[in-house]
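Chain A is the first sequence line, chain B the second, and so forth, proteins listed ahead of strands; every chain is numbered from 1.
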Number of protein chains: 2
Amino acid sequence: MELPLYLKIVEDIVKDIKSGTLQPGDALPSENALCDAFRASRMTVRKGLAILANEGYIKSIPGKGNFVTTPNIEKYTLFYNEMTNLINSVDKTQLLGVDIIQPTDNLLKSLNITGNKKVIVIKRLFFTDGDPVAYDLKYLVYHKGMPIVEKEIKHETFPGMVSKFASLFTIKKELTISAQLPSAEVKKLLSLHSTVPMLVVEQKFFNAENKPIGIGTTSFRGDYCQLFASSSFSDFS
Amino acid sequence: MELPLYLKIVEDIVKDIKSGTLQPGDALPSENALCDAFRASRMTVRKGLAILANEGYIKSIPGKGNFVTTPNIEKYTLFYNEMTNLINSVDKTQLLGVDIIQPTDNLLKSLNITGNKKVIVIKRLFFTDGDPVAYDLKYLVYHKGMPIVEKEIKHETFPGMVSKFASLFTIKKELTISAQLPSAEVKKLLSLHSTVPMLVVEQKFFNAENKPIGIGTTSFRGDYCQLFASSSFSDFS
DNA sequence: CAGTGGTCTAGACCACGTG
DNA sequence: ACGTGGTCTAGACCACTGA
């Protein structure tokens, strides 16, 4: 063991929490007590506690103490990329069209814009092993100088497109996942003969002022796409 | 402004990153330089930098410096609870059956157990507004003393069941989301006449030794369920 | 070698909560 | 008044990187 002292503190307390010695709601020993117990300075103890708080193990209440939390059992981390989330990644894309349109009323509402703005529409098909497996439709609020070069659009993911004209650090993203039956259009584009359910993922992007800057809808053949998410409690090895 | 100094440092640097003054890959001023710039001690500067690193803005490389990172644009946070993720929450549940069975080969494989263990099977229906909207099937590796009382099982979520005999802090969870057509059985149980796609969420739980302790599959009527996920870059207000 | 970040200390003062 | 956590300082020594 040549772990830094603050990590030893973290490990020790995590062990107590995982074993049940410390239960949710229980108070940890006071910081001064921990200083004595681990023969550490208060800053070192607090560094360890900060990590525990960050990992979601404890919560500090000023004037009272540090308390073991009830873990958030509903939280998962999901990695989504419309090009690689298929069971096999997308190996070919087909650009069906790029247009600049006058937004419809529905779009105006979804994008929360006024009528004098224009919208870029991008329609694509994704292929794996020669089969069309997803239909991808994106709407981006048009600003002058935005790249609408086919080459640049064809293989880009949605965040990739958006990053061309906005800082990724300021963008907020939302996903909506649902199961739907394909529309007649999608059915035709994906050459679906029998009834295949679609996994539909809608991406919505917002700028720093919380205004929508784009909406993307990707309809995956249900038999070609699965999304994975996992709880991420960090480990200390 | 009466923010603590370390948060002012965080805000200042975040502002520079969001505005593009600091680009991904750029090096921040050295910690000593930041001490001078903010008239702060090194521990205070480092506290700010630790937050920035935690939020995913920067990465420290010993001996070299602190560098602005390329944000992970594919990461989302998903909150999932099989009872509340419906467009309207579950307002009634029906327990179809609780059994202790000899696992089938498929189950043995999925749960990674040997044949001498038994498995609890729980089958439920979820209702909203009187309509059956989801079929819920769970397999839990049986251990002596596990609660299989109907009352306790009927309204519990999967994490709720598991927490009865395992510390939530040690559990790893995985979700798999897919779109499927209902089986004949599900179709009958949910009284589905026309073709309705199902949003199927599989939950898999692992104990501290990474061994599966349970699998749950919830099949939601596609027209009654949507999953939401969002990017969570924290704000400093 | 000088400069960088990583760990750690022994103090200090403050605001908060409880008696 | 006292103990709690929250902020902050001015040092120290170490390991790593690059010229």
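- Between B:T44 and the phosphate of D:dT9, there is a side-chain N or O to OP1/OP2 separation shorter than 4.0 Å.
- When each of B:I61, B:L28, B:D26 is checked for a side chain to side chain contact (heavy atoms under 4.5 Å, CB included) with B:F67, only B:I61 meets the rule.
- Checking D:dT7, C:dG5, D:dT4 against the side-chain heavy atoms of B:P4 singles out D:dT7 as nearest.
- Here the options are B:F158, B:F165, B:Y139, the test is ring-ring contact (aromatic ring centres under 6.0 Å, His included), and the partner is B:F205; only B:F158 passes.
- In this structure, B:L125 and B:Y135 have side chains that are in contact, with non-hydrogen atoms separated by less than 4.5 Å.
- Distances shown here put every side-chain N or O of A:S41 at or beyond 4.0 Å from the OP1 or OP2 atom of C:dG11.
- Proximity of a side-chain donor or acceptor of B:K8 to a complementary backbone N or O of B:F38 within less than 3.5 Å is not detected.
- A salt bridge is defined here as a Lys NZ or Arg NE, NH1 or NH2 lying under 4.0 Å from an Asp or Glu carboxylate O, and A:K138 with A:E82 meets this definition.
- B:R46 places its CZ atom 15 Å from the C1' atom of D:dG11, with the value rounded to the nearest Å.
- Among the heavy atoms of the strands lying under 4.0 Å from B:L5 are primed sugar atoms or P, OP1, OP2 only; no base atom is included.
- Contact annotation: A:Y6 side-chain N/O to C:dC8 OP1/OP2 distance is not under 4.0 Å.
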Encode nucleotides 13-19 of chain C as B, S and - characters from 5' to 3', where the letter depends on protein heavy atoms closer than 4.0 Å: B to the base, S only to sugar-phosphate, - to neither. ---BSS-
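- Atom P of nucleotide D:dT9 and atom CG of B:D36 are separated by 12 Å, given to the nearest angstrom.
- Between A:E31 atom CD and C:dT9 atom P there is a gap of 14 Å when expressed in whole angstrom units.
- Taking atom NZ of residue B:K59 and atom P of nucleotide C:dT4, one finds them 19 Å apart after rounding to whole Å.
- Between B:N66 and C:dG5, a side-chain N or O to OP1/OP2 separation shorter than 4.0 Å is present.
- Within the 4.5 Å cutoff, the side chain of A:Q203 has heavy atoms near those of the A:Y80 side chain.
- When each of A:K47 and A:M43 is assigned the nucleotide of DNA chain C bearing its nearest heavy atom, the one mapping closer to the 5' terminus is A:K47.
- Of the side-chain N and O atoms in B:S30, one or more sit less than 4.0 angstrom from OP1 or OP2 of C:dT4.
- For A:L7 and C:dT7, the CG to P distance is 7 Å, given to the nearest whole Å.
- The CD1 atom of A:I9 sits 12 Å away from the P atom of C:dT7 (whole-angstrom rounding).
- Distance, A:F38 CZ to C:dT9 P: 12 Å, rounded to whole Å.
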Decide side-chain hydrogen bond (donor to acceptor under 3.5 Å, both in side chains) for B:D136 and B:T218; before the verdict, give the C-alpha distance in whole Å, the side-chain angles of both, and the deciding distance to 0.1 Å. CA-CA 4 Å; B:D136 185 63; B:T218 312; 2.6 Å; yes
